Amino acid sequence: MDSSEHGSSVSSIDVASGGNLPPGLTEEEAEEMQVELTKVEDEIQTLRQVLVAKERHAAELKRRLGISPLSEIKQNFTKGWHEVQCSNAYLTASSTLEEIGRSDAYKRTQETLSQAGHMTSAAFSSMGSAIRNQFGEMRNSPSFKTFEDKVENMKDKVMGRSNGESDHSPTSNNTPF
């Protein structure tokens, strides 16, 4: 940029701030800062362009090497997991968990929970047998037999109608829909 462009930037600051400079800042300092700001913004833009070009080049090299985004994710995950496993926090936690696993309190708790699980399983099994027996008794009851007969009769009537056997309505002519 030439000096005329820098001058227009300074005047835009003056206009934006209502013509007043911030307190404690001279006009010369403001001009120097504006020039420096312009240079830094130009450098940032150049760096962005270089970064985009480098990213394109890297993508092209990866494509030519046959490195897919999925393989990169797998590689990053593997590397990250390895770093986690080597970290002090992970090693300390693993050591603590091993110590807990060897403790008497943990072993007693594990044994108690195992027994509770077996007892719960047995209770559910007994409950299932009791329910199955109750349904068997209910199915053999006179009330259920009566209900079953009614359902069977209704089924026969419906099936008979669909075959045209017991339909006595005067509007029926046994034609399909």
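Model, not experiment: these values are computed from the prediction. We number each residue from 1, following the sequence as shown.
- Between the CG atom in L97 and the CZ atom in R102 there is a gap of 10.5 Å [rounded to 0.5 Å].
- To the nearest 0.5 Å, the span separating CZ on F147 from CE on M138 amounts to 9.5 Å.
- Going from atom OG of S71 over to atom CG of N76 covers 9.5 Å, rounded to the nearest 0.5 Å.
- Within the 4.5 Å cutoff, side-chain heavy atoms of M127 are placed close to those of F124.
- Salt-bridge check for E36 with K39: failed, with every basic side-chain N at 4.0 Å or more from each acidic carboxylate O.
- The salt bridge (charged side-chain N to carboxylate O under 4.0 Å, His left out) contacts involving residues 59-70 comprise E60-R63, K62-E72, where partners must be two or more places apart or lie in separate chains.
- Tracing side-chain contacts under 4.5 Å through hydrophobic residues (I, L, V, M, F, W, Y), one never reaches I67 starting from I73; they form parts of separate clusters.
- Under the 4.5 Å side-chain criterion, counting only non-hydrogen atoms from C-beta, E27 is in contact with E31.
- Counting only distance, with no hydrogens or angles, the side chain of S121 and the backbone of H118 share no donor-acceptor pair below 3.5 Å.
- One distance of note links OG1 of T26 with CD of E32; it measures 7.5 Å at 0.5 Å rounding.
- Between the side chain of T109 and the backbone N or O of A105, at least one donor-acceptor pair lies under 3.5 Å.
- More than 12 heavy atoms of other residues, nucleotides or ligands lie within 6.0 Å of CD in E29, so this atom counts as buried by the packing criterion.
- Across C86 and L91, no two heavy atoms sit closer than the pair O-CD1, 3.8 Å.
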* I would like to know whether S103 and K107 meet side chain to side chain contact (heavy atoms under 4.5 Å, CB included); could you show each step before the answer? => CA-CA 6 Å; S103 73; K107 289 177 183 175; over 6 Å; no

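- Side-chain atoms of T46 come within 3.5 Å of backbone N or O of D42 as a donor-acceptor pair.
- Q34 has its side chain within reach of T38: a pair of non-hydrogen atoms, C-beta onward, lies under 4.5 Å apart.
- Put simply, CZ on F135 and CZ on F144 are 9.5 Å apart, with the number rounded to the nearest 0.5 Å.
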* Let me see the working for R108 and E111 under salt bridge (Lys or Arg N to Asp or Glu O under 4.0 Å), right down to the final yes or no. => CA-CA 5 Å; R108 284 192 309 267; E111 186 178 310; over 6 Å; no

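- By the neighbour-count criterion of 12 heavy atoms within 6.0 Å, atom CG of N88 is sparsely surrounded, having that number or fewer from other residues, nucleotides or ligands.
- The distance from atom NZ of K155 to atom CD of E148, rounded to the nearest 0.5 Å, is 10.5 Å.
- Annotation: side chain of S141 is not in contact with side chain of K145 (no heavy-atom distance under 4.5 Å).
- Side-chain atoms of T78 come within 3.5 Å of backbone atoms of K74 as a donor-acceptor pair (strictly under, hydrogens ignored).
- Minimum interatomic distance between L25 and M33 (heavy atoms only, all atoms of both residues): CD1-SD, 3.7 Å.
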